[in-house]
Every structure is written in structure tokens, then in C-alpha cells.
Amino acid sequence: MTIVAFAEKNKAAEEIANILGQGNYKRTSIEGIAVYRFKRDGNDWAIAGLAGHIMNYDFPAEYNSWTGVEPGALLDISPIKMVTKENFAFAIEKLAKEADTIILACDYDREGENIGFEAKELAERVAKVPIKRARYSTFSKNEIENAFDNPGEPDAALAMAAETRQILDLKMGAAFTRYVTLSVREKAFTKDILSIGPCQTPTCGFVYEREKAIREFNPKDFWKITADFDADGNVFTGTHRAGHIPEKEKADEIMARIKGEKTAVVHKKTVREQSMAPPFPLNTTEFLKRASAFLNISPEKSLEIAEQLYLSGLTSYPRTETNKYADDFDFKVILADMAKNPDYATAVSQIVTAPAGIKSKNGPKDAKDHPPIHPIRGATKSTVESMIKLPGAYAVYDLICRHFLANLMPAAIFEKTKMEMKIKEDLFDAAGSIKKFAGWLDIYDFETKNDKFLPDINEGDATAVKKIMNTASKTAPPKKLTEAELLTLMDKNGIGTKATAPTHIETNKKRGYFEAKGKTLSILNTGYMLMESLDASVPIVIRPKIRAQVEELIQQVEDGKITMDEAVSTGTELIKKMYADLTENKDRLVTKLSGSIKTEAAESDKKNYIGTCPICQNALRIVTTDNGRFVGCVGYPDCSQTYPLPKTGALTVQRTKNCPKEGVAVLDVGKKYEWAVGVGPCFSCDQNVICNPPEVVGTCPRCKEGEMQLIEYKDGRFLKCTLQCGHTQSLPDKGRLTILDNKCETCGWNMFRVKEQNKDAVEFCANRRCKAIGKRKEAEK
DNA sequence: GCAAGGTC
């Protein structure tokens with residue numbers, strides 16, 4: 001008899017073959033897919049590993065046209081399931097033909113059951129044999145043997161739950177994405193897709209909510225009183241018990257009470273030890289968070305590196321929810337191997353020689369999927385880098401190793417000191433923290449905090465008061481969302497899975513909805529406008545509830561309370577309702593998004609970009625037509641804001657200069673004059689004296705009140721009194737003229753410098769009435 | 001060309 005089994009992935013198939021074949025198995029191959037063969041209890045066994053899903057839903061080909069099909073019509077169409085990995089389908093059918101019994105042996109979860117059913121469907125096309133299900137969640141000998149010796153029945157409800165998700169996600173994603181993309185293209189030229197999905201959109205929603213809180217933040221004034229105390233040269237700072245004081249009068253009142261006080265007394269001092277436990281074992285989410293926070297590597301890149309580390313045999317399987325080791329987990333073998341890297345040797349010997357034995361600080365989650373991410377082999381930097389060519393590979397390996405070791409080490413111990421200082425009757429708090437015992441922090445120095453010392457003084461002791469400060473400050477807006485925080489939010493709200501969360505973040509980046517700058521995320525204009533429009537029309541779509549709603553339906557299918565068809569039709573109705581809300585608000589959506597897309601295009605057109613439209617916040621840019629040129633808003637025709645421009649002259653936008661009036665930008669017109677968009681030429685503006693203060697060189701020798709101002713025009717230059725006395729005087733008309741900072745010692749005017757071509761520069765006082773001129777002329781003779 | 005979920 002021949003028994004054929006299908007596991008979810010190659011590594012699992014090999015592991016099972018090794019256990020059931022008692023180390024005796026042969027690797028063969030069909031279409032490049034590994035098939036492990038062995039004998040057990042007189043039967044021939046063949047087990048192959050799949051590669052996750054090998055089928056996918058899609059709409060029938062006639063619905064592929066975006067323009068030929070109204071997007072909403074997709075909601076009435078049943079997607080069909082098609083093979084996406086032909087070689088696996090071929091191998092499954094070939095193996096099914098030689099089987100007397102088939103065992104589905106994918107991961108013991110919803111998707112695993114579904115992947116098994118994909119194999120089942122393909123096998124049933126060519127073979128009529130019993131199909132069983134082996135359920136296991138660890139690769140322990142007992143569990144695997146038991147799972148395959150006593151296989152159960154496949155669980156259709158569980159598999160159909162996954163199927164329901166596939167269909168509803170596709171329907172919603174396709175209809176919404178096509179609708180939004182096509183609507184925006186009616187008004188803005190773009191090849192980009194504006195995608196919407198039940199995971200990617202709430203992911204963007206988290207970033208949007210934070211950004212909104214930052215933009216809408218109203219800073220509030222507060223005052224804080226601090227004092228510097230001096231205990232025999234050891235200076236430390238304390239904060240007044242009142243903390244952040246919202247009213248200035250109250251802060252002033254306190255200051256008045258204690259102003260000028262020279263001594264303080266230690267009113268109370270408490271010292272206690274605080275221990276800091278090592279981190280729990282790493283599951284995927286925690287790993288991604290730490291790689292982002294400590295190593296500045298994006299979740300997508302981290303997972304890719306972890307995958308390579310796993311395939312190279314350096315670390316364990318990277319996709320797991322579990323943060324707890326099994327009772328019989330063998331730390332010893334791994335620890336022994338890890339000493340190969342000298343950086344870990346000290347920690348390893350501390351762990352293995354600990355009198356209490358090797359003990360893990362386990363976390364609470366046991367999803368029965370895979371053990372926490374841990375090293376399998378010890379390796380040096382050069383070994384890791386020779387095996388994996390991705391940047392950051394060693395940093396990630398090192399993080400996994402250090403985390404593994406840290407988890408097995410003792411807690412760190414800090415001595416925390418709290419001191420209450422008293423100036424007259426006012427209390428000030430000071431805190432100190434000293435690391436007494438490093439413990440796991442020895443090997444895990446990613447977030448070390450410096451010690452903060454307080455002097456060794458006791459209750460009743462007096463210190464000098466060096467100074468007392470009252471600092472005015474403002475409350476700070478929330479900080480930008482970090483990638484690590486986003487992962488936490490997604491995890492908490494059930495958005496995506498351990499394996500897909502990085503992809504959803506990446507999708508948003510690819511779509512131009514938000515971007516990462518280091519560890520923090522910033523929403524981009526298109527993302528903000530999309531979220532804002534959706535928030536106003538179909539708010540549920542940008543919130544986790546959209547996922548929760550589908551999840552609830554799926555759960556009912558899994559529990560056998562409703563059928564897949566019922567769930568799909570209920571779910572489709574919900575999507576239709578949302579779709580109706582979306583289409584009803586089309587105008588606002590399109591105006592906001594097309595404006596934002598045009599704005600982004602205009603901003604990158606550096607030569608013509610002017611600034612932000614005061615009416616609609618979109619971009620203003622120079623528009624040139626056959627009839628001339630003007631400044632217009634990209635929001636046209638929804639926004640008709642325009643400004644005139646001078647008819648001739650090359651225009652250059654001055655990026656660093658702002659107009660004090662309503663001008664939205666200042667332009668250079670040729671090299672001649674300036675033009676404020678919305679105001680006109682700067683020379684005829686009453687603010688010009690402020691924007692372009694006249695270059696003055698000294699007091700007017702006639703009226704003695706005005707200043708002599710340099711006037712330069714196309715054909716020459718001269719000096720003119722700033723008052724109405726009318727005094728002028730000529731200047732040399734050749735050469736480049738500069739007004740210097742140093743002054744004439746005789747009359748006090750600024751000195752001039754003239755440089756003619758092929759001649760030495762000359763410095764002189766230009767004041768014709770200056771007594772020094774006569775002297776100079778004499779000297780020249 | 002559209003989603004999310006597996007895994008390579």
C-alpha cells in the first residue's frame with residue numbers, strides 16, 4: 001500500500017519523513033518539487049511539501065477590463081478558483097495516482113486546512129481514494145507519529161472559512177480599487193493605482209489618525225519650576241511638586257515664595273531595588289518590532305532576511321505567534337554551538353553554569369504553530385555574511401542570538417533613589433537610577449540607559465540651592481507613529497497576520513500613501529486625502545472594524561453555524577452598502593484626490609511650482625498659454641484661483657523669500673526686478689523698504705538728516721538722499737561696485753570698492769565733500 | 001492592473 005502526504009512546505013515534509021522513516025528516507029523529485037520516500041510498517045510512503053497556497057481566486061476573464069465593466073458589477077460576480085502553481089498541481093496529481101491513501105498534513109490552522117483542500121481538490125480529479133488529515137503542531141516524535149498513525153477527517157468548515165475570506169477580500173478590494181482609481185483618472189492624469197483593501201486601508205488609517213492628531217494639536221502653555229541643588233560639589237536637579245503648571249500666575253507665586261533661598265533640606269529619601277526581567281522569547285511581530293526599533297530595518301526586509309537565515313539553517317522558522325518554549329525544548333545543543341561566535345561565549349558559559357539550571361523567561365502565547373524564533377547554529381559575522389548576501393543579514397542574526405541568550409539570563413537590577421527636597425515649605429522631586437547588576441543587559445545592549453546619580457546624602461541633610469528656574473514651555477504634539485507602533489496596532493486589532501503585516505505596510509508605501517523616514521512614518525498627501533475622503537463617506541473602511549466584520553462571518557463558517565454561501569452573500573451585501581456610500585460621495589473624493597495627485601506632480605515641476613493655494617491648499621503653478629502666462633491652481637475647475645504675471649522677462653521663483661503681504665511667492669523677473677505673486681511688482685509696493693532695505697552709505701551732507709542711498713538702474717548708478725532734500729552725487733560708472741562694512745575714518749561713510757577688468761581693485765571714500773578726498777588727491781600727486 | 005493569505 002502506498003500512502004501519500006502533503007505538507008505545507010518543504011522543510012516540514014522533510015522533517016516528517018525523517019521522523020516517520022526513522023532517519024531513513026530518500027529524496028526524489030517531480031517537476032523540481034522534492035518528494036521524500038520511505039518505508040514504514042510495510043507501507044510505501046511519499047511526502048511532498050507545497051509552497052503555501054497553490055490556487056487563487058480571480059474574476060472570470062471577461063471581467064478583466066477595468067473600463068468595460070462597472071466596478072460595482074464585480075460584487076454580483078462569483079470569482080473562480082484557479083491553479084497558480086502549475087508544477088505543484090502536476091506533482092499532486094502524479095502522486096495521487098500512485099496513492100492508496102492520501103493524508104493532508106499542512107499546518108494545523110485555518111489557512112493550512114485550506115491549502116490541504118487545494119491539494120484534495122486536485123487529487124480528487126485523478127484518484128478516488130480515502131483522504132485523511134494529520135493534525136500536529138510540533139515536530140516532536142510522539143506527536144508526529146500519533147498524527148499520522150491516527151489521522152482524522154479533513155475539516156471542511158475550517159477550510160471554507162478561509163475560502164470565504166478569499167472571496168470577500170477580493171470582491172471588496174477589486175471593486176473599491178477600480179472605482180477610486182478610475183474616478184480619479186477622470187480628473188487627473190495618473191498611471192498609479194489607488195488601492196483599497198480590508199487590511200491595507202486600516203493600516204494606512206492608523207498612520208492617518210496619528211497624523212491628524214499632530215496636525216490638529218493645540219499647544220498649551222505651561223510653566224515648570226526646577227532647582228539645582230549642590231551637595232559638596234555634586235549638583236543635581238529637582239522638579240517642583242506642582243509639575244506642569246498651566247497658569248503663569250501660579251508659577252510666579254511659587255517663585256516669589258522661594259526666590260533667593262540659598263539652602264534646601266533632604267525631606268525624604270527612599271532607595272529601593274527594582275528588577276527588570278529579560279524579554280520574552282521572540283515571535284514574529286516582536287521580532288519585526290525590535291528589528292525596526294533597534295536596527296532600523298523595515299519589517300519587509302527583516303522578514304526576508306529571517307527567511308534566508310532559516311533556509312540557511314542558521315535560525316528557526318520565522319513565522320510564529322508563539323513566545324513560549326515547549327517543556328522539552330533542547331537549549332543545550334544550541335547553546336553549545338553558539339559559543340562558536342566569541343561575542344556570545346561569555347553569556348553562553350554564564351547560562352550553562354547557572355546553579356539553577358537553564359531557565360527561559362517564557363511569554364504567555366502558545367499558538368501551537370512553531371517555536372519562538374531562535375538560533376539553530378552559532379556562526380561568526382563572516383560566516384553569516386558569506387551565506388546571506390542581504391544587507392543587514394548579520395545584524396538580524398545577531399539580534400536573534402542576543403535575544404535568545406538574554407531570555408535565558410537573570411533579571412537586571414537597578415537601584416532607584418527618590419529624593420524629596422524642601423526649599424522652605426516647597427517640595428522638589430529628584431530621581432536617580434543606578435544599574436547594580438546587568439544580568440541579561442550584558443548581552444542585550446540595544447536600549448541601554450545611562451545611570452543617573454544622586455549624591456550620597458540623607459534625610460535631614462542640608463544642601464545649597466544653586467539656582468531656581470521657572471521655565472515657560474508648551475505641551476508637545478504627539479510624536480509621529482513608528483513602524484514598531486504600527487505593527488503593535490495591527491497585531492492588537494487583528495489587521496493582517498504575522499506573515500502579512502510587513503506586506504500591508506509595504507503596499508501603502510508603494511502606493512505613495514505614507515513613507516518611512518528612519519523608524520517613523522509620515523503620511524503623504526495622497527494618503528491623507530484618501531483617508532479623509534473615505535472617513536467622510538465610508539468611515540468603516542479606514543478602521544479595523546472592517547476586518548473584524550469579515551472575521552466574524554468567517555468564524556461563523558468555521559463554527560458550522562452558517563455555510564460559506566450564506567457568509568459570502570451576507571458579506572457581499574455589506575460591501576454593496578459600503579460601495580453605495582462611496583459612490584454617493586464621489587465628487588468630494590475625486591476633488592480631493594485629483595487635487596492631491598496634481599499637486600504632487602506640480603511640486604516636482606520645480607521651475608513652475610509657486611506654492612500652496614490659499615483657497616484649496618492644492619498647488620499653484622505657472623501656466624503658459626498662447627495668450628500669455630499666469631499663475632493658476634491645479635484644483636481648476638473646482639478652484640479658479642489665478643494671479644497675473646508680468647508679460648515679459650524670465651521668471652525665477654525665489655524659494656527662500658516670503659512676501660509680507662498676500663503674495664504667495666516672490667519671483668525674479670529677469671535680473672531687473674522682483675514680482676510678488678498676488679501683489680505685483682515689488683518696487684511699487686509700500687513694503688519694499690522692509691523687504692529690500694535701501695543700501696545706505698552715510699549721512700546726507702546737504703540736509704544732514706537723510707541717508708545717502710545707492711540707486712542702481714539699467715544705465716548707471718548714483719547716490720541719492722532718502723529724504724526729500726534732493727541731494728544727489730555721481731559714482732564712477734565703470735567696474736563692479738561693492739559697499740564695504742568698514743567706514744571712512746574722516747567722514748564716517750561706508751567705504752567703496754571698485755574692481756575694473758584687468759585692473760587692481762580700488763578702495764575709497766565716495767563722499768565728495770569728505771575732507772579726506774583732498775588729502776588723497778594730494779597723496780596721489 | 002484590483003485583495004489577503006500562504007511560502008521560495
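In what follows, chains carry the letters A, B, and so on, assigned in the order in which the sequence lines appear, proteins first and then strands, with residues in each chain numbered from 1. Side chains included, hydrogens not; waters and symmetry mates left out as well; all remaining heavy atoms used.
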Any base atoms under 4.0 Å from [X], or only sugar-phosphate, or nothing? Heavy atoms, all strands.
X         : value
Arg165(A) : base
Asn114(A) : nothing
Gly49(A)  : nothing
Phe176(A) : nothing
Tyr179(A) : nothing
Pro71(A)  : nothing
Ile196(A) : sugar-phosphate
Leu311(A) : sugar-phosphate
Gln200(A) : sugar-phosphate
Arg185(A) : base

- Message: Please compare Pro202(A) and Arg319(A) by the position of their nearest nucleotide in DNA chain B and report the one closer to 5'.
- Response: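 Checking each residue's closest nucleotide, the 5'-ward one belongs to Pro202(A).
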
- Message: Need to verify one output field. Residue with the more 5' nearest nucleotide on DNA chain B, Ile115(A) or Gly173(A)?
- Response: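 In this pair, the answer is Gly173(A).
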
- Task: Kindly write out the residues that satisfy ring pair (Phe, Tyr, Trp, His ring centres under 6.0 Å) with Tyr108(A), not counting sequence neighbours, or none if the list is empty.
- Result: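 Ring pair (Phe, Tyr, Trp, His ring centres under 6.0 Å) check on Tyr108(A) returns nothing, list empty.
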
- Message: Using the ring pair (Phe, Tyr, Trp, His ring centres under 6.0 Å) criterion, which residues pair with Phe514(A)? Sequence neighbours excluded.
- Response: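 Expected list: none.
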
- Item | Pair listing, salt bridge (Lys or Arg N to Asp or Glu O under 4.0 Å) test, anchored in residues 174-187 of chain A, at least two apart |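 Every salt bridge (Lys or Arg N to Asp or Glu O under 4.0 Å) pair that includes a residue of residues 174-187 of chain A, provided the two are not neighbours, is Glu186(A)-Lys586(A), Lys187(A)-Asp638(A).
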
- Scan for salt bridge (Lys or Arg N to Asp or Glu O under 4.0 Å) pairs involving residues 384-396 of chain A, sequence neighbours excluded, and state none if there are none.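 Those involving residues 384-396 of chain A are Lys381(A)-Glu385(A).
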
- Message: Filter on ring pair (Phe, Tyr, Trp, His ring centres under 6.0 Å), then keep only pairs touching residues 300-322 of chain A, sequence neighbours left out; what's left?
- Response: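 Found Tyr310(A)-Tyr317(A), Tyr317(A)-His370(A).
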
- Identify the two heavy atoms, one from Asp369(A) and one from Glu321(A), that lie closest to each other, and give their separation to 0.1 Å.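 Minimum heavy-atom separation between Asp369(A) and Glu321(A): OD2-N, 2.8 Å.
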
- Option from Lys120(A), Lys132(A), Arg133(A), Arg135(A) for which salt bridge (Lys or Arg N to Asp or Glu O under 4.0 Å) with Glu153(A) holds: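 Per the salt bridge (Lys or Arg N to Asp or Glu O under 4.0 Å) rule, the option paired with Glu153(A) is Lys132(A), out of Lys120(A), Lys132(A), Arg133(A), Arg135(A).
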
- Reading DNA chain B 5' to 3', which nucleotide is the first, and which the last, to come under 4.0 Å of any heavy atom in chain A?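 Listing 5' to 3', DNA chain B meets chain A from dG1(B) to dC8(B).
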
